[in-house]
2 protein chains.
Amino acid sequence: MQEKMCFVSNKEPFEYTLSIISGKWKLKIIYLLACITPVRYNMLKKDIDGITHKMLSTQLKELEQEDIILRNEYPQVPPKVEYSLTPKGESLIPIVMAMCSWGKEHNRK
Amino acid sequence: MQEKMCFVSNKEPFEYTLSIISGKWKLKIIYLLACITPVRYNMLKKDIDGITHKMLSTQLKELEQEDIILRNEYPQVPPKVEYSLTPKGESLIPIVMAMCSWGKEHNRK
DNA sequence: CCGTATCCTCAGGGATACTG
DNA sequence: CAGTATCCCTGAGGATACGG
């Protein structure tokens with residue numbers, strides 16, 4: 001039985017990375033966590049332009065489930081929660097850096 | 001007048017890159033064009049899983065407008081159109097490669 | 001301060017048909 | 001074969017309010 005003909009053999013690693021990284025907010029969060037660590041929820045919200053409460057929450061939770069970020073909750077009142085990159089998350093930094101320098105290179109003006 | 005406090009100074013290059021690259025399909029297209037060049041419309045469609053006619057068209061057009069890909073139309077019947085990366089597009093390949101190897105590293109089967 | 005739930009809107013994008 | 005147009009629907013995500 002002939003499967004669908006596909007000319008690129010091993011797309012899986014790339015697609016896996018995409019599944020982690022893609023979406024409107026994930027990379028912005030990772031970028032910020034690469035710059036300031038650890039960072040509190042409200043600072044993330046302030047620094048990510050246009051993100052809503054709900055989106056930030058869900059995105060953070062997803063990244064946490066993928067073991068990209070670490071959630072550290074301080075048992076105090078008022079609550080304080082800090083986020084940081086896991087080692088797996090830190091290993092994404094080269095990609096972020098590459099995107100940065102590409103942007104510097106090609107962003108006219 | 002105090003502008004919104006922001007703790008990461010120069011996000012623009014990164015955001016620019018994101019604006020080019022983000023979306024559900026852009027990077028997949030670029031990835032394929034990095035693997036097989038030049039490539040015809042129908043082969044792209046076959047190799048990009050689940051993309052619709054309409055999406056592929058619009059994404060290709062957007063990438064062309066950003067000077068990431070090149071559209072080469074052969075004046076014959078039936079029509080033949082080939083796409084390839086521009087130099088600007090090729091300069092994205094390091095990012096794609098970085099994503100590939102990250103995926104290889106971290107994708108537990 | 002941080003997170004979740006609920007509701008509701010609206011535009012991204014799918015299905016389909018048509019053209020050169 | 002490659003691309004456009006039209007219609008239409010669905011679900012991502014915004015606004016809001018409440019809870020720990």
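Reminder, nothing fancy here: chain letters follow the sequence lines and each chain counts from 1.
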From CG (A/L63) to CG (A/L33), nearest 0.5 Å: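 With rounding to 0.5 Å, CG (A/L63) is 8.5 Å from CG (A/L33).
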Please collect all salt bridge (charged side-chain N to carboxylate O under 4.0 Å, His left out) contacts where either partner lies in residues 27-38 of chain B, sequence neighbours excluded, each pair once.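 Sorted result for residues 27-38 of chain B: A/E15-B/K28.
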I need the [atom1]-[atom2] distance between [X] and [N], as an integer number of Å.
X	N	atom1	atom2	value
A/W25	D/dG13	CH2	P	9 Å
B/I51	C/dG14	CD1	C1'	12 Å
A/E73	C/dT4	CD	P	10 Å
A/Q76	C/dC1	CD	C1'	9 Å
B/D49	C/dG14	CG	P	12 Å
A/K45	C/dC1	NZ	P	12 Å
B/L56	D/dA5	CG	P	16 Å

Counting side-chain heavy atoms from CB outward, which of C/dG14, C/dC1, C/dC2 is closest to A/V81?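 In terms of side-chain proximity for A/V81, the closest of C/dG14, C/dC1, C/dC2 is C/dC2.
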Choosing from C/dG14, C/dC1, D/dA2, which nucleotide comes nearest the side chain of B/Y41?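 So the nucleotide nearest the side chain must be D/dA2.
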Less than 4.5 Å apart, any side-chain heavy atom of [X] and any of [Y]?
X	Y	answer
B/Y16	A/M99	no
A/I93	A/L85	yes
B/V96	B/I30	yes
A/K26	A/E62	yes

What is the per-nucleotide protein-contact pattern of nucleotides 15-20 of chain D, from the 5' end, where B denotes a base atom under 4.0 Å from a protein heavy atom, S denotes such proximity for sugar-phosphate atoms only, and - denotes neither? B----B
Which of these, B/E82, B/K80, B/R40, sits in a side-chain hydrogen bond (donor to acceptor under 3.5 Å, both in side chains) with B/Y74?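 Result: among B/E82, B/K80, B/R40, B/E82 is the only option passing the side-chain hydrogen bond (donor to acceptor under 3.5 Å, both in side chains) with B/Y74.
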Using the rule that Ile, Leu, Val, Met, Phe, Trp and Tyr join whenever any side-chain heavy atoms are under 4.5 Å apart, tell me whether B/L70 and B/L56 fall into a single cluster.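 No, because B/L70 and B/L56 fall into different hydrophobic clusters, even though each may have its own neighbours under 4.5 Å.
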For DNA chain D, determine which residues of residues 58-70 of chain B have any heavy atom closer than 4.0 angstrom to one of its atoms, and list them numerically.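 When residues 58-70 of chain B is checked for heavy atoms under 4.0 Å from DNA chain D, the hits, listed by number, are B/K61.
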With sugar-phosphate meaning primed atoms plus P, OP1 and OP2, does B/Y83 contact a base, only sugar-phosphate, or nothing at under 4.0 Å between heavy atoms?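 If one applies the 4.0 Å heavy-atom cut-off, B/Y83 turns out to touch the sugar-phosphate alone, with no base involved.
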For B/Y83 and B/Y41, take the angle between the two ring planes, folded into 0 to 90°, and tell me which bin it lands in: parallel under 30, tilted 30 to 60, perpendicular over 60.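 Ring orientation of B/Y83 relative to B/Y41: tilted.
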Just jot down the salt bridge (charged side-chain N to carboxylate O under 4.0 Å, His left out) partners of A/E12, sequence neighbours excluded, or say none.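 Applying salt bridge (charged side-chain N to carboxylate O under 4.0 Å, His left out) to A/E12 gives none.
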Taking salt bridge (charged side-chain N to carboxylate O under 4.0 Å, His left out) as the definition, give me every residue that meets it alongside A/E64, ordered by chain and number, with sequence neighbours left out.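 A/E64: no salt bridge (charged side-chain N to carboxylate O under 4.0 Å, His left out) contacts found.
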Think A/R40 has a side-chain N or O under 4.0 angstrom from the OP1 or OP2 of C/dC2?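 Answer yes for this pair, as a side-chain N or O of A/R40 is under 4.0 Å from OP1 or OP2.
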Taking N or O atoms only and anything under 3.5 Å, show me the protein contacts with nucleotides 9-12 of chain D, one pair per line.
none

